[in-house]
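Let me begin by presenting the structure, written as structure tokens, before commenting on it.
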Amino acid sequence: MKRLGRVSHYAKQGFLILRSNWIPSLNDPVVDKDLQLVGIVKDVFGPVNMPYIAVKPRVRAPEKYVGQILYLDERKRKKEPQKKKGRKSKRKRPAPRRRG
């Protein structure tokens with residue numbers, strides 16, 4: 001669980017807006033202090049050193065989270081497919097066919 005930031009307000013477009021000091025990945029799950037899913041990260045905007053984060057809520061009353069600190073749940077994070085280790089062997093192109 002990594003601290004994401006404090007919710008500053010609930011936007012008209014239906015997003016919770018947070019201020020953070022690091023940049024999360026899109027579609028990462030966001031939880032409250034009780035590890036209840038609040039929503040997912042949908043947008044990151046603003047300056048690089050202190051970005052704003054838009055979270056699409058997945059709860060009935062998102063207004064109650066204004067002023068609270070939200071966290072990124074790294075346990076439920078979608079895992080990226082692992083790259084295979086080792087060298088790929090280059091396939092040789094077949095020689096052109098001779099005519100005649």
Side-chain angles (χ1 to χ4, degrees):
M1 193 162 86
K2 189 171 181 181
R3 181 184 165 137
L4 190 57
R6 188 177 299 273
V7 178
S8 63
H9 64 281
Y10 181 63
K12 284 191 266 184
Q13 294 82 9
F15 293 105
L16 289 169
I17 306 298
L18 297 96
R19 193 80 190 253
S20 185
N21 56 3
W22 61 281
I23 300 173
S25 298
L26 297 179
N27 296 324
D28 278 348
V30 178
V31 296
D32 61 2
K33 63 181 178 182
D34 300 323
L35 295 177
Q36 297 297 317
L37 181 67
V38 175
I40 57 172
V41 176
K42 278 296 177 187
D43 196 14
V44 179
F45 56 96
V48 174
N49 57 352
M50 288 290 286
Y52 290 97
I53 299 163
V55 175
K56 183 70 175 171
R58 299 281 187 235
V59 292
R60 291 197 184 265
E63 302 89 18
K64 73 177 186 176
Y65 290 99
V66 174
Q68 290 189 10
I69 296 173
L70 297 182
Y71 303 89
L72 189 76
D73 192 1
E74 294 170 334
R75 299 173 304 152
K76 296 180 182 177
R77 193 176 208 176
K78 292 182 181 177
K79 295 185 179 180
E80 296 177 14
Q82 300 233 348
K83 294 182 180 179
K84 292 182 182 178
K85 292 185 178 180
R87 282 181 64 179
K88 281 188 175 180
S89 62
K90 286 190 175 182
R91 292 186 182 176
K92 291 185 178 181
R93 220 169 69 185
R97 298 177 105 188
R98 289 188 166 188
R99 294 187 189 186

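Because only heavy atoms are used, hydrogens play no part in the values below, and waters and symmetry mates are left out as well, while side chains stay in.
Looking at heavy atoms from C-beta onward, Val7 lies in side-chain contact with Leu70 at the 4.5 angstrom threshold. Val30 places none of its side-chain heavy atoms less than 4.5 Å from the side chain of Tyr65. Looking only at side-chain heavy atoms (C-beta outward), Arg75 and Leu35 come within less than 4.5 Å of each other. Residues Trp22 and Leu4 form a side-chain contact, since some pair of their non-hydrogen atoms from C-beta on lies under 4.5 Å apart. You'll find the side chain of Val41 stays beyond 4.5 Å of the side chain of Ser25, heavy atoms only.
Linking ILVMFWY residues whenever their side-chain heavy atoms come closer than 4.5 Å, directly or via other members, places Leu72 and Ile23 in the same cluster. Residues Phe15 and Ile40 do not share a hydrophobic cluster, defined by chaining ILVMFWY side chains whose heavy atoms lie under 4.5 Å apart. Cluster membership check: Ile53 does not share its hydrophobic cluster with Met50, using side-chain heavy-atom separations under 4.5 Å among Ile, Leu, Val, Met, Phe, Trp and Tyr. There is a path of hydrophobic side-chain contacts, each under 4.5 Å, that joins Leu26 to Val48.
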Determine whether Asn27 and Lys42 satisfy the following criterion, side-chain contact (heavy atoms from CB on, under 4.5 Å), listing intermediate values before the conclusion. CA-CA 6 Å; Asn27 296 324; Lys42 278 296 177 187; 3.4 Å; yes
Verdict with reasoning, Ile69 to Lys33, per side-chain contact (heavy atoms from CB on, under 4.5 Å): CA-CA 7 Å; Ile69 296 173; Lys33 63 181 178 182; over 6 Å; no
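The structure places NZ of Lys56 at 12.0 Å from CG of Asp43, a figure rounded to the nearest 0.5 Å. Atoms CG and CG, from Asp73 and Asp32 in turn, are 10.5 Å apart once rounded to the nearest 0.5 Å.
Within a 6.0 Å radius of OH in Tyr10, other residues, nucleotides and ligands contribute more than 12 heavy atoms.
Judged by distance alone, the side chain of Arg6 and the main-chain N or O of Gly67 form a donor-acceptor pair under 3.5 Å. Side chain of Ser20 to main chain of Gly5: no donor-acceptor pair is present (N/O by atom type, distance under 3.5 Å, no hydrogens or angles). Listed for the Asp34 side chain is no donor-acceptor partner under 3.5 Å among the backbone atoms of Gln36.
Checked by atom type, the side-chain pair Tyr71/Arg3 shows no donor-acceptor distance below 3.5 Å.
A pairwise comparison of heavy atoms in Pro57 and Gly14 identifies CD-O, 3.0 Å as the closest pair.
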